[in-house]
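First listed ligand is number 1; within each ligand, the first listed atom is number 1.
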Amino acid sequence: MKEIESVIEFHRKNFDESVANVADESALQRLRNLYLSRKKGHVTQLLEKLREIKSADKPQAGQMINALKTHILESLEARSREFKKPAKDLDEIDLTLPGWKRVWGATHPVLDFQAEIEHIFLQMGYSIESGPEMETDYHNFEALNFPPHHPARDDWDTLYITDDLMLRTHTSPVQIRVMQKKKPPIRIIIPGKVYRKESPDPTHLPMFYQVEGLVVDHGITFAHLKGTLEHFLKTLFHERIKIRFRPSFFPFTEPSAEVDIGCTLCNGEDPECRVCSGTGWIEILGSGMVDPQVFKNVNIDPEKYSGFAFGMGIDRTAMFAYQIPDMRLFYENDLRFLRQFQDK
Ligand SMILES: [Zn+2]
């Protein structure tokens with residue numbers, strides 16, 4: 001009995017939501033068929049289920065199904081009358097009647113976070129660029145100073161479509177595409193999806209979002225890079241966040257630096273912290289001064305111009321900002337998880 005009661009309640013709730021959102025007569029007809037068609041309608045099927053119910057419960061269950069059917073018929077009828085009615089004069093409309101409840105969708109938390117990042121850079125006068133997710137070997141690797149057989153290519157393994165075409169492993173090829181088209185000054189960020197050969201675990205995914213930045217102009221120095229990234233990270237997290245630059249290596253920048261922020265979970269106070277492993281620091285982005293060879297590859301004179309570039313994982317950073325222990329949660333489509341971000 002409990003079971004059939006909850007099934008009836010489920011259908012009633014779904015029907016009420018659907019009938020409120022129906023926009024015209026033909027949608028109304030489809031809804032009528034869904035619930036009342038003689039073979040497969042939900043109500044028809046409920047009536048068939050009656051046979052399996054204990055005979056003592058049958059009368060009550062039958063009554064409940066019939067009540068649902070009457071409710072559906074009446075609601076359909078009422079909606080249908082509304083479609084047929086000519087538009088009312090303004091003074092005939094009763095503004096005190098309750099409105100139809102609409103079910104709203106929401107932006108995915110990762111895209112929301114991306115929008116926050118874009119907003120910070122737009123305020124600094126950057127523009128937003130995008131490029132293809134399927135890239136040529138030249139744009140993804142060679143122009144960025146990874147010749148064939150360069151060992152750094154191992155870290156950037158991906159899915160190949162042909163020998164020359166692949167799913168891009170970073171958003172950096174868009175830097176090349178922009179520099180081939182435009183002459184400096186250039187001040188851009190490039191957010192987008194990238195692909196790597198990774199087995200999914202709490203901090204790795206075979207598909208994730210990255211944001212890349214590039215500035216090229218006369219007299220750009222490491223001080224500009226540092227100032228820009230500090231301002232960005234303090235706006236994204238908070239004014240008091242600790243930031244440090246560590247020397248590193250990337251084939252397309254020289255010198256290169258990785259940037260760490262103070263642990264957002266333990267603030268460096270928990271020796272067993274699962275986010276920073278007790279070090280107090282989280283690696284957050286890679287950056288550096290654009291390698292002169294990269295400028296030569298796109299016909300920009302490295303004697304006249306200099307620039308800096310940086311790249312950061314969006315989902316990974318969102319994980320730290322929202323203190324989420326497992327990146328896979330973003331893509332499991334569990335509404336209980338996703339709805340927490342709806343009002344942010
Ligand atoms: Zn920590």
Side-chain angles (χ1 to χ4, degrees), residues 107-121 155-156 169-171 189 191 193-194 196-213 222 225-250 253 255-288 308-334 336-344:
T107 323
H108 189 274
V110 171
L111 288 182
D112 250 355
F113 196 67
Q114 177 181 319
E116 255 178 69
I117 295 168
E118 288 173 357
H119 183 70
I120 298 171
F121 281 100
D155 298 335
W156 272 273
T169 59
H170 43 185
T171 42
I189 58 163
K193 273 185 226 152
V194 301
R196 303 258 173 103
K197 184 173 163 278
E198 303 270 17
S199 309
D201 69 22
T203 51
H204 294 92
L205 291 171
M207 184 287 294
F208 55 97
Y209 283 81
Q210 214 180 37
V211 62
E212 179 103 6
F222 204 90
L225 160 77
K226 228 181 143 191
T228 305
L229 292 181
E230 275 182 7
H231 171 74
F232 164 59
L233 291 171
K234 285 186 171 175
T235 317
L236 188 64
F237 288 91
H238 52 78
E239 200 47 47
R240 295 173 315 283
I241 195 128
K242 286 188 286 181
I243 298 167
R244 75 172 182 190
F245 287 71
R246 259 183 313 112
S248 184
F249 169 80
F250 302 105
T253 48
S256 308
E258 292 200 53
V259 183
D260 299 338
I261 55 168
C263 180
T264 49
L265 191 67
C266 76
N267 205 18
E269 282 157 18
D270 177 2
E272 273 161 29
C273 174
R274 60 191 154 76
V275 172
C276 67
S277 328
T279 61
W281 295 97
I282 308 169
E283 184 188 313
I284 204 103
L285 52 80
S287 64
F308 66 81
F310 57 88
M312 179 181 100
I314 298 179
D315 344 45
R316 210 178 102 80
T317 310
M319 232 177 111
F320 302 131
Y322 299 145
Q323 303 193 349
I324 293 161
D326 190 329
M327 199 151 77
R328 291 171 295 187
L329 285 166
F330 282 130
Y331 300 105
E332 283 173 352
N333 288 335
D334 184 336
R336 291 167 304 177
F337 172 79
L338 295 173
R339 282 203 176 115
Q340 301 174 77
F341 302 93
Q342 220 161 331
D343 298 322
K344 273 187 193 258

Which residue pairs satisfy the salt bridge (charged side-chain N to carboxylate O under 4.0 Å, His left out) criterion with at least one member in residues 319-332, sequence neighbours excluded? D326-R328
Return the set of protein N, O or S atoms whose distance to the Zn ion (ligand 1) is under 2.8 Å, each given as residue and atom. C263 SG, C266 SG, C273 SG, C276 SG
Separation between CG (D334) and CD (Q340), nearest 0.5 Å, reads 9.0 Å
Aromatic ring proximity, centroids under 6.0 angstrom, F113 and Y322: yes
Decide whether a cation-pi geometry holds between K193 and F208; the criteria are a distance under 6.0 Å from NZ or CZ to the six-membered ring centre and an angle within 45° of the ring axis. no
Decide if the gap between the ring center of F121 and the ring center of F232 is smaller than 6.0 angstrom. yes
With side-chain contact (heavy atoms from CB on, under 4.5 Å) as the test, would you mind laying out the steps for I117 and L236 before giving the verdict? CA-CA 7 Å; I117 295 168; L236 188 64; 4.0 Å; yes
